[in-house]
Amino acid sequence: RKEVEQDPGPFNVPEGATVAFNCTYSNSASQSFFWYRQDCRKEPKLLMSVYSSGNEDGRFTAQLNRASQYISLLIRDSKLSDSATYLCVVRATGTASKLTFGTGTRLQVTL
Amino acid sequence: DARVTQTPRDKVTEMGQEVTMRCQPILGHNTVFWYRQTMMQGLELLAYFRNRAPLDDSGMPKDRFSAEMPDATLATLKIQPSEPRDSAVYFCASGLGGLSGEQYFGPGTRLTVT
């Protein structure tokens, strides 16, 4: 079983739609959680951290459920520019800076 | 605008040849990572350094891969001999370490081994 699992998609949604991605992690000692975004043939970039209380950044909302070991990302009012692959990322306790990346969920926003 | 730089951006080589990839981390970042990305496996951590000392290279095939940081401005990843299964995009990333999850990635080196 992979440490971080995501539905690869693709999720095809019309502009303006709301879309949600989930991610599960297997290591209960995981301490920190993040969403990264990767555009086609580009490098990954940090989108947002995920806090236990949930957090929002504009149209993006991230939530964490430690009991069920899953993380979610909600995108409201999707834009064409949101088309990308979204990587779920986890850091386990005691691993210093080491991050474990999911394989990503691809989002395609269409007109 | 500080960025991680990597060279070369693309590399095509024949099986058995040596490949060296270079990375210049962001000035002041004390942690440097090497990742490999393929469609099947996604992003895999190969090795990482803190203050130029290797902390973890368990993700790297030891018989053919080696990673070094000769100085704070240069990290290298070497494959010798290269094999077709090494074809992938190799990313270098740097960060400030600690609890932050922010790693700044370079543009990657796209390696094709024929």
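Letters go in sequence order (proteins before strands), and every chain restarts at 1.
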(message) Would you say CD of Glu83(B) has more than 12 non-hydrogen atoms from neighbouring residues, nucleotides or ligands within 6.0 angstrom?
(response) yes
(message) Could you report the tightest heavy-atom contact between Trp35(A) and Ser72(A), atom names first, then the distance?
(response) NE1-O, 3.3 Å
(request) Taking heavy atoms only and a threshold strictly under 4.5 Å, list by residue number the residues of residues 101-111 of chain A that touch chain B; give 'none' if the list is empty. (result) Phe101(A), Thr103(A)
(message) With rounding to the nearest 0.5 angstrom, report the CD to OG distance, Gln17(B) to Ser82(B).
(response) 6.5 Å
(message) So if I take each residue of residues 24-38 of chain B and look for any heavy atom under 4.5 Å from a heavy atom in chain A, which residues do I end up with?
(response) Thr31(B), Phe33(B), Tyr35(B), Gln37(B)
(request) Could you look at Met40(B) and say if it's the side chain, the backbone, both or neither that has a heavy atom under 4.5 Å from chain A? (result) backbone
(request) Please state whether the side chain, the backbone, both or neither of Phe33(A) comes within less than 4.5 Å of a heavy atom of chain B. (result) neither
(request) List the atom of Cys88(A), the atom of Ile71(A), and the distance in Å for their closest heavy-atom pair. (result) SG-CD1, 3.6 Å
(request) Anything under 30° is parallel, anything over 60° is perpendicular, the rest tilted; go ahead and classify Phe65(B) against Tyr90(B). (result) tilted
(message) Donor-acceptor pair, distance only, cut-off 3.5 Å: does the side chain of Lys62(B) make one with the backbone of Asp57(B)?
(response) yes
(message) Please rank Arg110(B), Met39(B), Glu44(B) by heavy-atom pairs under 4.5 Å with chain A and give me the top one.
(response) Arg110(B)
(message) Can you confirm whether Glu18(B) sits close enough to Ile79(B) that some side-chain heavy atom of one is under 4.5 Å from a side-chain heavy atom of the other?
(response) no
(message) Please say yes or no: joined through hydrophobic side-chain contacts below 4.5 Å, possibly via intermediate residues, are Val89(B) and Leu87(A) part of one cluster?
(response) yes
(message) Checking the side chain of Gln6(B) only, and the main-chain atoms of Cys92(B) only, is there a donor and an acceptor separated by less than 3.5 Å?
(response) yes
(message) I'd like to check the side chain to side chain donor-acceptor pair (under 3.5 Å) partners of Asp86(B); sequence neighbours left out, ordered by chain and number.
(response) Arg64(B)
(request) For residues Pro84(B) and Met15(B), report the shortest heavy-atom separation together with the two atoms involved. (result) CD-SD, 3.5 Å
(message) With clusters defined by side-chain heavy atoms of hydrophobic residues (ILVMFWY) lying less than 4.5 Å apart, directly or transitively, does Leu55(B) cluster with Leu99(A)?
(response) yes
(message) Treating Ser78(A) as the side-chain partner and Ala17(A) as the backbone partner, does any N or O pair qualify as donor plus acceptor under 3.5 Å?
(response) yes
(request) Output the residues of residues 39-69 of chain A for which the shortest heavy-atom distance to chain B is under 4.5 Å, in residue-number order; output 'none' if no such residue exists. (result) Arg41(A), Lys42(A), Glu43(A), Pro44(A), Leu46(A)
(request) Answer with side chain, backbone, both or neither: which region of Leu45(B) has an atom nearer than 4.5 Å to a non-hydrogen atom of chain A? (result) side chain
(message) I'd like to know if Arg52(B) pairs up with Asp71(B) as an ion pair, taking the criterion as any Lys NZ or Arg NE/NH1/NH2 lying under 4.0 Å from an Asp or Glu carboxylate oxygen.
(response) no
(request) Could you go through the ring pair (Phe, Tyr, Trp, His ring centres under 6.0 Å) check for Phe11(A) and Phe21(A) one step at a time? (result) CA-CA 9 Å; Phe11(A) 284 58; Phe21(A) 311 134; 5.2 Å; yes
